[in-house]
Every structure is written in structure tokens, then in C-alpha cells.
Amino acid sequence: MPKTVLAILNQPSLDTPPHATPAAASDSAGAAPFALVDPTAPHLSILDLGATRGDGIFESISVTAGHAHAVDAHLRRFAGSARKLELPAPDLGAWRLAIEAVIAELDDAREAVVKTVMTRGVEGDPDARPTGWVYGWVSPDHRAAREDGIAVVTLDRGYRHDVEQSAPWLLTGAKTLSYAVNRAVLREAARRGADDVIFVSSDGYVLEGPTSSVLFLRGNSLLTPGTGLGILDGTTQGDLFEWARARGLETGFELLTPAQLADADAIWLVSSGRQAAPVRQLDGAAHAIDRGMSDEMNAYLLARTS
Ligand code: PLP
């Protein structure tokens with residue numbers, strides 16, 4: 001089994017967990033802001049609102065050879081998700097220390113993923129304190145997806161593209177723990193013979209994957225559908241835009257339909273962990289992949305040291 005490690009944030013809602021060994025790192029006041037614990041032992045209350053209602057937020061951060069990628073952007077998005085859910089603002093310094101401690105325990109694995117989770121806490125806790133933890137594991141091998149590409153189907157998400165403005169209480173654009181739908185669509189994709197999904201708004205615009213951003217190349221421009229569409233601001237997309245501009249490509253945002261996407265020169269689903277997966281089939285039709293550009297993107301993404 002791949003190595004998994006866990007750090008529990010010393011959010012006041014948790015007593016010092018059993019099996020805890022105090023972490024070496026400490027916060028400015030001298031107290032360790034988290035404890036490294038045995039990930040195979042139970043730590044979460046059955047009354048935790050993250051478990052009973054999916055009421056919480058998370059981030060998945062990719063790591064190569066001990067270097068976490070886009071941590072600032074992930075922590076910014078984590079804090080933004082907390083704001084949208086009206087959760088207490090996470091102490092980002094403590095979370096950063098816990099991320100680093102988990103990475104240190106992963107023994108320089110070639111590729112790993114570290115996940116931060118914060119929930120609304122334990123139901124009935126009069127102080128309503130959040131629960132927080134960080135865990136990491138060695139990544140599966142994503143080479144086939146990166147090199148040979150993936151088959152993707154478009155599926156209706158059921159919301160208009162302007163849902164983030166018209167119905168902010170639906171929390172689109174926040175990275176919440178409620179990912180049952182994001183997993184269900186993968187099962188639907190498998191039933192249709194595909195590997196992954198691109199969500200389309202109910203009014204017909206391309207949005208994002210269930211765990212990825214959509215990128216497409218048209219001529220000299222690397223584009224993505226946009227922000228404020230009830231989709232996540234992708235950290236991988238952000239870094240790839242920097243890479244593209246340094247390489248002389250234009251970058252930008254464009255609202256488009258699936259038919260317009262099908263006309264793109266190349267399409268990718270990009271995300272922390274799998275990085276850039278070229279789309280070789282869209283809704284059953286073969287799509288050209290740009291192997292050279294995909295290889296360059298993945299080499300750049302995996303070589304990041306921050
Ligand atoms: N959109 C959704 C819904 C996601 O879950 C993710 C990643 O988990 C992304 C986009 C891509 O974000 P990132 O590149 O920061 O991993």
C-alpha cells in the first residue's frame with residue numbers, strides 16, 4: 001500500500017488525538033500547530049459535519065521530489081472557499097507548516113499528493129470549532145493519461161453559467177467536500193466508455209472537469225473558459241498560463257460551446273496530481289493531441305519547485 005501520512009491541525013475542536021507524536025515544527029508562540037499521527041488509526045468523530053453533511057472544504061496539492069506546487073495559490077483558494085462557506089478563516093501559517101511536515105514524511109517520493117481538509121467541526125460543539133487535517137500519499141502512475149490522452153464526454157451540470165452570481169448559496173466555485181456528484185459523473189463517463197468528463201452549463205457553455213480545468217489551444221493562444229462561471233480557479237491552469245506566456249503564446253478566457261471546443265487545435269484537462277492530460281476523444285469523436293506540447297507542459301509542471 002502506498003505510504004500515507006496524516007497531520008491533525010490543533011483546531012480546538014480536537015483533543016490531542018491518541019497516538020499523536022508532537023511534530024518538530026512549532027508556531028510563533030512555540031506550540032506545535034499540529035501533530036503527526038498514525039493515519040491508520042481512527043481520529044474523526046462520527047458527529048463531524050464533514051462526515052455527516054460534507055460541510056467543509058479541501059485542497060489537493062501535487063508534490064514532486066519534496067516540492068509542493070502552487071502552495072500559495074492553493075492556500076488562497078482554501079481561504080476563499082472558507083469565506084464562501086462562512087467558515088472561520090484558516091490559519092494559513094499553521095496549514096503551511098503541516099503541509100511541509102507531511103511532505104517531509106513522504107521520503108522524497110517522485111510524485112505525491114497532499115490534501116488539506118477543514119470541516120465545520122463536530123455537530124453540537126457549543127464553540128463550533130472547525131476540524132482540520134492534512135494527509136499525503138504517493139501518487140499513482142499518470143503517465144498513460146499524460147502521454148496517450150484521455151477520452152472525455154460532456155455532461156450537463158444543470159446550472160446556468162452565471163449561477164455563481166445568481167445563486168451564490170449553491171457554493172459553486174468553492175472547493176467543498178461535497179464531491180459525490182463529481183464522482184458520480186465519472187461512473188457515468190465509464191458507462192459511456194470514457195475516462196473523464198467536461199461539465200457543460202444548462203445554457204450550453206463549457207465549464208470544467210469534475211477535478212480539473214479545461215484548457216484549449218487555438219492557433220497561438222492557450223485559452224480556458226473563464227472565471228466566475230461557478231468553476232474553480234485552477235492552480236494548474238494559472239501556472240500553465242505563465243508557462244505559455246514565457247513561451248510566446250497568448251493566454252486568455254473565452255466562453256464557448258462544446259461544438260466550438262471540438263474545433264480547438266488541442267484540448268487538455270489540467271489538475272494537480274494528474275497534471276496535463278490531453279483529450280484524444282471528445283463525445284466519441286477522435287480529437288488530435290499535441291504530444292510535443294503536452295510533454296512540455298508536463299515537464300514544466302513536474303519540475304516546479306514552488
Ligand atoms: N475544477 C475542479 C472542480 C477541481 O476539483 C479541480 C481540482 O481538484 C480543478 C478544477 C483544478 O484545480 P487545480 O489545478 O488547482 O488542481
Side-chain angles (χ1 to χ4, degrees), residues 54 56-64 68-81 84-85 95 99 111-118 134-137 139-140 142 145-146 150 152 154-159 161 163-164 170-186 188-189 195-201 205-216 222-244 251 253 267-279 294 297-298 300-302 304 306:
I57 58 172
F58 77 101
E59 284 294 322
S60 291
I61 303 168
S62 55
V63 179
T64 41
H69 307 149
V71 177
D72 290 344
H74 280 289
L75 289 179
R76 216 176 305 123
R77 193 168 67 187
F78 197 51
S81 296
K84 286 188 170 145
L85 269 73
W95 285 90
I99 292 166
E111 287 187 44
V113 176
V114 169
K115 195 159 164 174
T116 62
V117 184
M118 187 168 90
V134 175
Y135 66 110
W137 67 95
S139 294
H142 292 294
R146 290 173 190 159
I150 52 174
V152 171
T154 55
L155 293 180
D156 184 3
R157 188 176 237 172
Y159 297 143
H161 76 283
V163 63
E164 197 170 328
L170 293 178
L171 303 177
T172 57
K175 198 163 168 67
T176 77
L177 291 173
S178 309
Y179 259 45
V181 168
N182 303 47
R183 307 311 284 180
V185 293
L186 292 181
E188 180 60 25
D195 308 303
D196 211 328
V197 169
I198 292 178
F199 282 125
V200 176
S201 66
Y205 295 107
V206 172
L207 297 173
E208 65 182 346
T211 59
S212 58
S213 310
V214 177
L215 245 65
F216 55 102
L222 188 65
L223 302 162
T224 194
T227 58
L229 303 173
I231 64 180
L232 293 188
D233 291 339
T235 64
T236 317
Q237 171 262 313
D239 279 354
L240 280 172
F241 269 22
E242 272 190 30
W243 165 83
T251 57
F253 301 95
I267 309 168
W268 293 267
L269 291 189
V270 306
S271 56
S272 309
R274 193 173 61 185
Q275 313 296 355
V279 174
S294 298
M297 284 176 168
N298 281 312
Y300 160 78
L301 291 169
L302 293 170
R304 286 176 292 171
S306 64

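Every number for a ligand or one of its atoms is a count from 1 in the order of the listing.
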Chemist: What class does the angle between the rings of W95 and F78 fall in, given that below 30° is parallel, 30 to 60° is tilted and above 60° is perpendicular?
Modeler: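 Rings of W95 and F78: perpendicular, over 60°.
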
Chemist: So which protein heavy atom does atom 15 (O) of ligand 1 come closest to, and at what separation?
Modeler: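 It is T235 OG1, 2.6 Å.
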
Chemist: Provide, to 0.1 Å, the distance between atom 14 (O) of ligand 1 and the closest protein heavy atom, together with that atom's residue and name.
Modeler: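 Of every protein heavy atom, T236 OG1, 2.6 Å lies nearest to atom 14 (O) of ligand 1.
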
Chemist: May I ask you to say whether R77 pairs ionically with E59, meaning some side-chain N is under 4.0 Å from a carboxylate O?
Modeler: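 Yes.
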
Chemist: Looking at S271, which atoms of ligand 1 are within less than 4.0 Å of one of its heavy atoms?
Modeler: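 Reading through ligand 1 atom by atom, the close ones are 14 (O), 16 (O).
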
Chemist: Tell me which protein heavy atom sits closest to atom 16 (O) of ligand 1, plus the residue, atom name and distance to 0.1 Å.
Modeler: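 Going atom by atom, the protein heavy atom closest to atom 16 (O) of ligand 1 ends up being S272 OG, 2.7 Å.
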
Chemist: Are there over 12 heavy-atom neighbours, none belonging to F216, within less than 6.0 Å of that residue's CZ?
Modeler: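 More than 12 heavy atoms, drawn from other residues, nucleotides or ligands, come within 6.0 Å of this atom.
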
Chemist: With heavy-atom distances below 4.0 Å as the criterion, list the atoms of ligand 1 near H74.
Modeler: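 Per the distance check, 15 (O).
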
Chemist: Below 6.0 angstrom between ring centroids: does that apply to Y135 and F58?
Modeler: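 Not close enough - the centres of the two rings lie 6.0 Å or further apart.
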
Chemist: Backbone or side chain, does any N or O of K175 fall under 3.5 Å from an N or O of ligand 1?
Modeler: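 Right, the criterion is met.
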
Chemist: Per the side chain to side chain contact (heavy atoms under 4.5 Å, CB included) rule, which among V185, N182, L269 passes with V197?
Modeler: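 Only one option passes, and that is V185.
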
Chemist: Could you tell me whether S60 and ligand 1 have an N or O pair separated by under 3.5 Å?
Modeler: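 By distance alone, the answer is no.
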
Chemist: Relative to atom 2 (C) of ligand 1, which among L232, L301, I231, I61 owns the nearest non-hydrogen atom?
Modeler: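 Among L232, L301, I231, I61, the closest heavy atom to atom 2 (C) of ligand 1 belongs to L232.
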
Chemist: Between R274 and D195, does at least one N-O distance fall below 4.0 Å, as a salt bridge requires?
Modeler: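 Answer for the salt bridge query: no.
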
Chemist: Which of the atoms of ligand 1 are close to E208, meaning less than 4.0 Å from one of its heavy atoms?
Modeler: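 Listed by number with element: 1 (N), 2 (C), 3 (C), 10 (C).
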
Chemist: Looking only at non-hydrogen atoms, find the nearest pair between L232 and G173 and report the distance.
Modeler: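 Taking every non-hydrogen atom into account, CD2-O, 3.4 Å.
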
Chemist: Relative to the heavy atoms of R77, which atoms of ligand 1 are at a distance of less than 4.0 Å?
Modeler: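 Within the 4.0 Å cut-off of R77, ligand 1 contributes 12 (O), 13 (P), 15 (O).
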
Chemist: In terms of atom number and element, which parts of ligand 1 are under 4.0 angstrom from non-hydrogen atoms of S213?
Modeler: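 Those of ligand 1 that fall under 4.0 Å from S213 are 10 (C), 11 (C).
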
Chemist: Could an N or O of ligand 1 be found under 3.5 Å from any N or O of Y179, whether backbone or side chain?
Modeler: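 Y179 vs ligand 1: N/O contact under 3.5 Å present.
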
Chemist: How long is the gap from OG1 on T224 to CZ on F253, to the nearest 0.5 Å?
Modeler: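 Rounded to the nearest 0.5 Å, the OG1-CZ separation comes to 7.0 Å.
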
Chemist: Let me know which of S212, S213, S62, S272 forms a side chain to side chain contact (heavy atoms under 4.5 Å, CB included) with T236.
Modeler: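 The single option meeting the side chain to side chain contact (heavy atoms under 4.5 Å, CB included) with T236 is S272.
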
Chemist: I'd like to check which ligand 1 atoms, numbered from 1 as shown, lie under 4.0 Å from a non-hydrogen atom of G234.
Modeler: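 Near G234, the atoms of ligand 1 are 12 (O), 14 (O), 15 (O).
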
Chemist: Measure from atom 9 (C) of ligand 1 to every heavy atom in A174, S212, P210, G238 and give the option owning the shortest one.
Modeler: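 It is S212 whose heavy atom sits nearest to atom 9 (C) of ligand 1.
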
